[in-house]
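Notes follow the structure.
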Amino acid sequence: MSSLIETEVKIAVADLDAIRQRLEAAGAALRAPRVFERNVRYEDAAGTLTPNDIVLRLRQDATARLTYKAPPDADTALAENVRTRFEAEVTVSDFDTMDIILRRLGFVPYVVYEKYRTTYRLGAAEVVLDEMPFGPFIEVEGTASAIDQALDALGLADAPRILDSYLVLFERVKAALALDAHDLTFDNFAGVDVPPEVFVGYH
């Protein structure tokens, strides 16, 4: 069984092509080509999951996967400047049927979010290039030391780290731009210019 602990950081970048070139120059291996990803986050009937930073997510990209994430470890975030949390994930054979099962169990869709993702392996870390509706990011996952080594190899050792989820960043963007979109989709951000300074200095 693979590790059930997720340790990661995000970094807002200006140009994913430049990061891709750095990855290739550093000898990174392409693990999964660019793919569209659709995610549905669920809530329980009492609405307790999101306020407690618990994730129940159904994802569709090349496969369908159901994921549970526990609240992040605040002590690790403070000590090592990474986001660490328990994560358990399984592949399911049918996205729509899994959605029906979750609804029958009393869970309801809470928010939809989309991205395009390209996945690389650099040393002991996984580096993904994420095209979000509000801008480009990289996400680096591995042990704290593997993350540090990967960022150093990419020339990003001193880049500001983001430890929150994309949905937390979504709320930040909505507040900054006075947007009322409920879902983080490309359609909802069509024609919307998100200035880079929204993410400057944000951990």
Side-chain angles (χ1 to χ4, degrees), residues 1-10 16 29-73 82-121 125-142 162-174 179-190 192:
M1 180 170 57
S2 60
S3 173
L4 296 181
I5 301 298
E6 174 193 64
T7 302
E8 66 179 21
V9 300
K10 293 179 179 66
L16 287 178
L30 179 65
R31 296 291 298 273
R34 182 176 184 264
V35 64
F36 176 72
E37 187 181 287
R38 180 174 182 268
N39 301 270
V40 181
R41 281 268 299 267
Y42 291 82
E43 259 298 351
D44 58 18
T48 65
L49 300 185
T50 302
N52 288 295
D53 215 353
I54 296 171
V55 174
L56 180 62
R57 180 188 69 204
L58 188 56
R59 169 174 289 174
Q60 178 72 65
D61 47 29
T63 60
R65 284 165 285 158
L66 179 67
T67 307
Y68 166 85
K69 296 187 182 188
D73 184 335
V82 295
R83 178 187 177 95
T84 298
R85 69 197 305 179
F86 174 88
E87 177 186 61
E89 184 173 84
V90 294
T91 300
V92 297
S93 62
D94 187 283
F95 182 98
D96 293 331
T97 301
M98 190 70 245
D99 173 70
I100 291 171
I101 292 171
L102 290 169
R103 291 171 187 256
R104 289 280 181 153
L105 289 172
F107 297 101
V108 294
Y110 169 69
V111 63
V112 174
Y113 63 101
E114 299 173 340
K115 70 168 80 83
Y116 286 93
R117 169 167 281 187
T118 307
T119 305
Y120 287 85
R121 189 75 181 180
E126 181 180 82
V127 181
V128 299
L129 311 183
D130 282 342
E131 303 164 50
M132 300 299 299
F134 48 58
F137 292 78
I138 70 166
E139 188 173 274
V140 185
E141 183 172 345
I162 297 172
L163 306 186
D164 280 323
S165 70
Y166 284 127
L167 289 184
V168 171
L169 296 183
F170 181 37
E171 294 302 321
R172 179 182 175 90
V173 170
K174 288 198 295 182
L179 302 178
D180 61 1
H182 179 74
D183 293 323
L184 178 52
T185 64
F186 288 97
D187 282 346
N188 283 341
F189 274 83
V192 177

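Below, all heavy atoms of this structure are taken into account, side chains as well, without hydrogens, waters or symmetry copies.
- Note that CD of E141 is 10.0 Å distant from OG1 of T119, once rounded to the nearest 0.5 Å.
- A donor-acceptor pair under 3.5 Å is formed between the side chain of E43 and the backbone N or O of L49.
- Every side-chain contact (heavy atoms from CB on, under 4.5 Å) that V92 has, sequence neighbours left out, goes to L58, A64, L66, V90, M98.
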Practice task
Give the C-alpha distance, both sets of side-chain angles, the deciding distance and a yes or no for side chain to side chain contact (heavy atoms under 4.5 Å, CB included) between F107 and R41.
Solution key: CA-CA 10 Å; F107 297 101; R41 281 268 299 267; over 6 Å; no

Exercise for the section: In sequence, state the C-alpha distance, the side-chain angles, and the governing distance for V111 and N39, and then conclude on side chain to side chain contact (heavy atoms under 4.5 Å, CB included). Expected result: CA-CA 8 Å; V111 63; N39 301 270; over 6 Å; no

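- Under a 3.5 Å cut-off, the side chain of H182 and the backbone N or O of Y110 do form a donor-acceptor pair.
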Practice task
Given salt bridge (charged side-chain N to carboxylate O under 4.0 Å, His left out), test E131 with R34 step by step and report yes or no.
Solution key: CA-CA 10 Å; E131 303 164 50; R34 182 176 184 264; 2.7 Å; yes

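- The shortest side-chain heavy-atom distance between L102 and L56 falls under the 4.5 Å cut-off.
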Practice task
List the steps and the verdict of side chain to side chain contact (heavy atoms under 4.5 Å, CB included) for D183 and N188.
Solution key: CA-CA 7 Å; D183 293 323; N188 283 341; 3.9 Å; yes

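- When the side-chain contact (heavy atoms from CB on, under 4.5 Å) test is applied to D94, the partners found at least two apart in sequence or on another chain are D96, T97.
- Annotation: side-chain contact (heavy atoms from CB on, under 4.5 Å) contacts of L30 (sequence neighbours excluded): T118, Y120.
- A search for side-chain contact (heavy atoms from CB on, under 4.5 Å) contacts involving N52 returns T48, I54, not counting sequence neighbours.
- The structure places CG of L129 at 13.0 Å from CZ of F137, a figure rounded to the nearest 0.5 Å.
- We find the CD-CG distance between E171 and L179 to be 10.5 Å, quoted to the nearest 0.5 Å.
- In terms of the salt bridge (Lys or Arg N to Asp or Glu O under 4.0 Å) criterion, residue partners of D53 (sequence neighbours excluded) are, by chain and number, R85.
- To the nearest 0.5 angstrom, F95 atom CZ is 11.5 Å from T63 atom OG1.
- Interatomic distance, CZ of F134 versus CZ of F170, reported as 8.0 Å (0.5 Å rounding).
- The aromatic ring centroids of Y116 and F36 lie less than 6.0 Å from each other.
- Atom CZ of R172 is separated from atom CD1 of I162 by 8.5 Å, given to the nearest 0.5 angstrom.
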Handout entry: Candidate pair E126 and E8, rule side chain to side chain contact (heavy atoms under 4.5 Å, CB included), full reasoning
Key = CA-CA 9 Å; E126 181 180 82; E8 66 179 21; over 6 Å; no

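- Shortest non-hydrogen contact noted between Y166 and L184 is O-CD2, 4.1 Å.
- Counting only residues at least two apart or on different chains, the salt bridge (charged side-chain N to carboxylate O under 4.0 Å, His left out) pairs with a member in residues 103-117 are E37-K115, D99-R103, R117-D130, R117-E139.
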